[in-house]
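Quick notes on the structure that follows.
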Amino acid sequence: EKRYLRRGTDGRPAETVEEMFWRVARHVAAAEREWGGDVHAVEGAFYDLLTSLRFFPNSPTFTGAGTPLGQLAACFVMPISDDMGRTPPGIFETLRNAALIQQTGGGNGFDFSRLRPEGAWVSTSAGRATGPLGFLRVFDAAFGEVAQGGTRRGANMGVLRVDHPDIEAFVTCKTDEHAITNFNISVGITDAFMRAGVADADWPRRFPDVASDAYRGFDGTLEDAESAGVPIVVHKVVRARGLFDRIARQAHHNGEPGVLFLDTANRDNPVPHLYRLEATNPCGEQFLGPFENCCLGSVNLARHFGPPASNGGGAVDWDALRATVVTATRFLDDVVSANAYVPAVPEVAEAAYRARRIGLGIMGLGDLLYHCGVRYGSPEGEAFAGEVMAFVRYHCMRASIDLARERGPFPALAGSLYDPADLRWRPPEGADRPGPSRWGRPELDWQAVSDGIRAQGIRNACQTTVAPTGTIG
């Protein structure tokens with residue numbers, strides 16, 4: 001009631017809990033009109049999904065649905081270029097966009113790696129650069145004054161690549177617990193750095209030559225600069241293993257920085273023809289491209305208990321779980337269409353429609369493990385969790401394929417991993433392992449998923465994401 005009920009000018013609730021659920025179900029189901037769906041029937045199905053506590057969308061869907069704001073997404077990534085704001089992704093243009101997003105209830109992720117290092121020459125002002133950390137502090141101070149969605153303070157993620165000249169200062173920038181309090185921070189780790197660490201080799205901290213004529217007008221990653229022939233300057237050489245140890249010690253000290261494995265993420269990037277992945281949302285579970293957002297939601301496994309099994313333990317209600325996943329997938333795809341996004345930042349809606357990312361995850365795993373008599377954290381528990389999540393992913397993908405048949409695939413399908421003309425998506429590792437499930441899980445026909453994508457495409461470029469659920473519900 002405190003978080004999600006609409007309130008009047010006197011600060012008192014202006015709706016009941018039941019009315020809140022109807023407000024959300026009605027607003028999201030209205031998207032069905034675009035495809036000639038039965039809005040009333042779908043509204044009822046969504047209401048039942050929510051009130052049965054089988055599924056919870058992210059908080060902005062509760063706070064934004066059916067309101068003048070109408071912004072339903074939780075997670076965004078905003079690009080930053082090495083420019084004060086003359087270009088759309090310039091530093092202060094990005095700050096303005098991010099502040100507007102936070103005002104609607106969304107959180108932002110940023111990669112500061114494109115900003116020239118502290119002390120680098122700035123020809124336009126004949127001065128020296130502030131560097132990524134200086135602007136990270138500017139963003140932090142600004143977001144400290146913005147109440148996210150009117151209910152909570154802004155959440156943000158700041159990323160810096162491990163090869164950036166300012167990386168050592170970035171690693172320790174939150175040693176003081178009272179510094180940069182509106183950001184989580186993560187180091188962008190590359191495969192090359194990990195190989196250098198294993199070999200105990202030197203590690204160069206590099207940046208494009210900002211004094212070069214080739215740098216003028218350039219905006220891209222270090223790899224883009226190398227491909228474009230922009231000269232690269234080595235600012236300092238350190239031992240890779242020493243830098244890794246410094247990251248680990250600082251993380252042990254206060255939990256930050258985290259690490260993001262950039263090359264691993266890009267190997268699984270579903271839309272590599274659109275962009276390289278450089279940053280995540282504030283909690284780090286979802287890599288996103290420039291201006292992208294992801295509408296998240298969690299299936300509540302604690303509401304999917306089956307009857308006692310023959311061994312005396314509990315079981316999973318797999319049929320109910322399948323039905324929940326199918327309806328929740330439809331719900332999240334409707335959120336993509338029902339979302340008002342941020343009209344003052346039109347790139348956000350454009351990016352959302354291009355890939356139609358959704359993020360269906362799970363919560364209540366510990367409850368389901370206990371019900372089934374499986375110890376949390378044990379090898380058996382890991383195997384159980386894998387079976388459950390594979391089941392959720394499988395039926396989410398099948399539902400997304402069905403939605404593609406009904407509504408069409410996501411617009412950026414051609415060139416993606418899901419391009420039917422060049423299908424590069426593969427079923428998860430171990431999906432072809434023979435034999436029945438230990439917990440009665442039905443067989444999963446992953447070949448049918450591949451065949452369905454070849455025939456219909458798929459509605460959503462991303463389908464599943466396991467997000468933190470501490471503030472849901």
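Here the structure is a predicted model, which means the values were calculated and not measured.
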> Are Tyr370 and Tyr376 an aromatic pair by the rule of ring centers under 6.0 Å?
Replying inline: no
>> Below 30° counts as parallel, above 60° as perpendicular, anything between as tilted: where do the rings of Trp22 and Tyr47 land?
In response: parallel
> ring-ring contact (aromatic ring centres under 6.0 Å, His included) with Phe193: which residues, sequence neighbours excluded?
Replying inline: Trp203
>> Quick check on side chain to side chain contact (heavy atoms under 4.5 Å, CB included): which of Ile80, Asp111, Leu260 does Glu278 satisfy it with?
In response: Asp111
> Taking it one step at a time, do Glu43 and Asp38 satisfy side-chain contact (heavy atoms from CB on, under 4.5 Å)?
Replying inline: CA-CA 9 Å; Glu43 179 183 322; Asp38 187 337; over 6 Å; no
> What pairs of residues pass the ring pair (Phe, Tyr, Trp, His ring centres under 6.0 Å) test when at least one of them lies in residues 267-304, not counting sequence neighbours?
Replying inline: none
> Listed by chain and number, what are the side chain to side chain contact (heavy atoms under 4.5 Å, CB included) partners of Met194, not counting sequence neighbours?
Replying inline: Ile189, Phe244, Phe261
> Got a salt bridge between Asp445 and Arg398, using NZ or NE/NH1/NH2 to carboxylate O under 4.0 Å?
Replying inline: no
> Is the Tyr341-Tyr353 ring centre distance short of 6.0 angstrom?
Replying inline: yes
>> So that I can tick it off, tell me whether Arg206 and Glu226 are bridged by a salt bridge, with the cut-off set at under 4.0 angstrom between side-chain N and carboxylate O.
In response: yes
> Taking the inter-plane angle between the rings of Phe62 and Phe21 on a 0 to 90° scale, is it parallel (under 30°), tilted (30 to 60°) or perpendicular (over 60°)?
Replying inline: perpendicular
> For Glu382, which residues count as a side-chain hydrogen bond (donor to acceptor under 3.5 Å, both in side chains) partner, sequence neighbours excluded?
Replying inline: none
> If you round to the nearest 0.5 Å, how far is CD of Glu350 from CD of Glu292?
Replying inline: 12.0 Å
> Is the number of heavy atoms from other residues, nucleotides or ligands under 6.0 Å of Arg405 CZ greater than 12?
Replying inline: yes
>> I'd like to know whether the aromatic ring centres of Phe331 and Phe55 sit less than 6.0 Å apart in this structure.
In response: yes
>> Per the salt bridge (charged side-chain N to carboxylate O under 4.0 Å, His left out) rule, what does the pair list look like for residues 48-72, sequence neighbours excluded?
In response: Asp48-Arg54
>> So, using salt bridge (Lys or Arg N to Asp or Glu O under 4.0 Å) as the criterion, who are the partners of Arg459 when residues are at least two apart?
In response: Asp333
